[in-house]
Colleague: 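This is the structure, below, for whatever I ask next.
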Amino acid sequence: MEPGNDTQISGFLLLGLSEDPELQPLIFGLFLSMYMITVFGNLLIILAVRSDSHLHTPMYFFLTNLSFVDICFTSTTVPKMLQNIQTQSQVITYRGCVAQIYFFLLFTGLDDFLLTVMAYDRFVAICHPLHYTVIMKPTYCVLLVLVSWMMSALNSLLQSLMVLWLSFCREVEVSHFFCEINQVVRIACSSTLLNDMMMYFAAVLLAGGPLAGIIYSYSKIISSILRISSAQGKYKAFSTCASHLSVVSLFYCTLLGVYLSSTSPQSYNSSAVASVMYTVVTPMLNPFIYSLRNKDIRRALKRILGVPVM
């Protein structure tokens with residue numbers, strides 16, 4: 001079998017969210033604003049945690065990693081989309097498309113794994129509070145993050161290499177605003193059986209597995225909270241999980257929406273519009289969710305912004 005780049009395909013056309021020229025300035029302004037808010041908000045979370053020694057705990061260590069990944073995640077797709085709108089060109093090179101697939105899968109997997117690790121951290125903190133400092137040692141926390149990077153990198157590398165072996169004929173239009181792997185594989189003119197099998201396997205292993213871990217962790221957490229006698233104790237225990245639970249719900253609900261829209265035969269654009277939720281909106285909302293629900297983060301942010309702390 002010869003690699004797919006022998007087919008002389010130089011690039012792909014990203015059809016974007018809309019082909020209406022009148023909507024392009026609106027889409028550009030909207031996505032530029034959301035991108036800037038995402039980068040600025042997540043950077044503030046990272047700076048707040050780094051600048052406050054009281055926040056140098058496993059929970060906030062994982063949060064800074066999530067914020068960094070969210071910045072990279074959004075930067076994988078939005079800048080290229082903004083460039084295409086600004087230059088009035090829908091072209092992305094073949095290599096650029098494969099690179100976008102790689103980094104998109106990498107940071108999607110990292111988001112998934114980090115949310116799972118954060119759920120495990122809350123599980124240990126609430127269900128085994130006396131052993132928390134022993135279990136969640138700094139070296140162990142770093143190891144959890146490194147394993148997340150390794151597994152995500154391996155998955156994205158394998159799937160990107162498998163895309164390189166595909167052949168593309170005349171149809172090089174991708175019905176999306178970025179090189180989403182399902183859309184790219186769909187327009188290949190060679191057999192995509194192995195690619196489809198790999199994507200389904202990765203979805204079950206790298207999405208279903210972490211989701212099962214999160215559900216298990218929260219089932220144990222809820223069970224422990226219900227055994228707390230005082231209402232104040234229950235509220236305090238649950239408040240430490242509320243932000244994370246909100247982010248998990250938002251992430252997986254939007255992913256489910258993308259999956260359901262992609263199976264709809266009515267319009268491929270519906271999948272692209274649904275993808276905006278977890279590629280742009282979710283990373284943008286994460287800093288707000290954590291800062292609004294977390295007094296320690298709010299206090300650290302006030303110090304950075306020069307606001308008097310009460």
Side-chain angles (χ1 to χ4, degrees), residues 41-42 45-46 48-70 109-149 151-152 206-256 282-283 285-301:
N42 282 286
I45 293 292
I46 295 173
V49 174
R50 296 290 296 174
S51 64
D52 194 333
S53 58
H54 295 95
L55 301 181
H56 294 175
T57 62
M59 180 175 70
Y60 295 111
F61 170 72
F62 296 134
L63 177 58
T64 56
N65 277 273
L66 181 66
S67 295
F68 172 74
V69 168
D70 279 342
L110 276 170
D111 249 343
D112 205 5
F113 283 122
L114 286 174
L115 290 175
T116 308
V117 169
M118 294 171 77
Y120 173 72
D121 173 72
R122 293 299 84 205
F123 161 73
V124 176
I126 294 175
C127 300
H128 305 282
L130 299 179
H131 301 90
Y132 180 76
T133 55
V134 177
I135 297 174
M136 302 303 293
K137 295 182 293 185
T139 52
Y140 184 60
C141 294
V142 172
L143 179 62
L144 288 173
V145 173
L146 286 178
V147 170
S148 299
W149 274 92
M151 293 184 66
S152 299
L206 302 182
L211 179 59
I214 292 173
I215 293 174
Y216 174 80
S217 296
Y218 273 102
S219 66
K220 293 295 184 181
I221 289 171
I222 293 172
S223 178
S224 296
I225 291 176
L226 291 177
R227 288 198 296 267
I228 299 176
S229 57
S230 66
Q232 184 178 2
K234 290 181 179 179
Y235 175 78
K236 184 177 180 181
F238 182 76
S239 63
T240 63
C241 305
S243 298
H244 177 257
L245 194 57
S246 300
V247 172
V248 168
S249 301
L250 184 62
F251 181 76
Y252 277 100
C253 286
T254 52
L255 274 180
L256 181 62
T282 299
L285 293 180
N286 286 354
F288 293 99
I289 293 173
Y290 277 102
S291 60
L292 291 175
R293 289 181 171 271
N294 192 299
K295 293 180 180 179
D296 295 328
I297 291 290
R298 290 204 304 271
R299 190 179 299 112
L301 287 175

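Please read these numbers as outputs of a predicted model, since none were measured by experiment.
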Colleague: Below 3.5 Å, can you tabulate the donor-acceptor pairs from side chains in residues 117-144 to any protein atom, sequence neighbours excluded?
Modeller:
unit_1: Asp121; atom_1: OD1; unit_2: Tyr132; atom_2: OH; d: 2.5

Colleague: In chain order, what residues pass the side-chain contact (heavy atoms from CB on, under 4.5 Å) check against Val145, with sequence neighbours excluded?
Modeller: Phe61, Phe62, Asn65, Leu114, Trp149
Colleague: Could you pull out the closest heavy-atom pair between Leu55 and Ala300, with the gap in Å?
Modeller: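 Between these two residues, the closest heavy atoms are CD1-CB, 3.8 Å.
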Colleague: Partners of Asp111 by side-chain hydrogen bond (donor to acceptor under 3.5 Å, both in side chains), sequence neighbours excluded?
Modeller: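 Not a single residue meets the side-chain hydrogen bond (donor to acceptor under 3.5 Å, both in side chains) criterion with Asp111.
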Colleague: Output the distance between atom CG (Asn286) and atom CG (Leu115), rounded to the nearest 0.5 Å.
Modeller: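 Result: 7.5 Å between the selected atoms.
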Colleague: In Å, rounded to the nearest 0.5 Å, how long is the span from OG of Ser152 to CG of Leu110?
Modeller: 4.0 Å
Colleague: Work out which heavy atom in Ala207 is nearest to a heavy atom in Asp112; give both atom names and the distance.
Modeller: CA-OD2, 3.2 Å
Colleague: Quick one: does Asn42's side chain have a donor or acceptor within less than 3.5 Å of a partner on Pro283's backbone?
Modeller: yes
Colleague: Apply side-chain contact (heavy atoms from CB on, under 4.5 Å) to Ile297 and Val49, showing your working.
Modeller: CA-CA 7 Å; Ile297 291 290; Val49 174; 4.0 Å; yes
Colleague: Shortest non-hydrogen contact from Ile45 to Pro287?
Modeller: CG1-CB, 3.9 Å
Colleague: Table please: side-chain donor-acceptor pairs of residues 221-233 below 3.5 Å, with sequence neighbours left out.
Modeller:
unit_1: Ser223; atom_1: OG; unit_2: Arg227; atom_2: NH1; d: 3.1
unit_1: Ser224; atom_1: OG; unit_2: Lys220; atom_2: O; d: 3.1
unit_1: Ser230; atom_1: OG; unit_2: Gly233; atom_2: N; d: 3.0

Colleague: Are side-chain heavy atoms of Val147 and Phe113 found at a separation under 4.5 Å?
Modeller: no
Colleague: Supply the atom-to-atom distance Phe238 CZ to Leu245 CG, rounded to the nearest 0.5 angstrom.
Modeller: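 So the gap between those two atoms works out to 5.5 Å.
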Colleague: Over all heavy atoms of both residues, which pair between Thr116 and Pro210 is shortest? Give the atoms and the distance, please.
Modeller: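 Looks like OG1-CB, 3.0 Å.
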Colleague: List the atom pairs, donor and acceptor, that lie under 3.5 Å between side-chain atoms in residues 211-218 and the rest of the protein, sequence neighbours left out.
Modeller:
unit_1: Ser217; atom_1: OG; unit_2: Gly213; atom_2: O; d: 2.9
unit_1: Tyr218; atom_1: OH; unit_2: His244; atom_2: ND1; d: 2.6

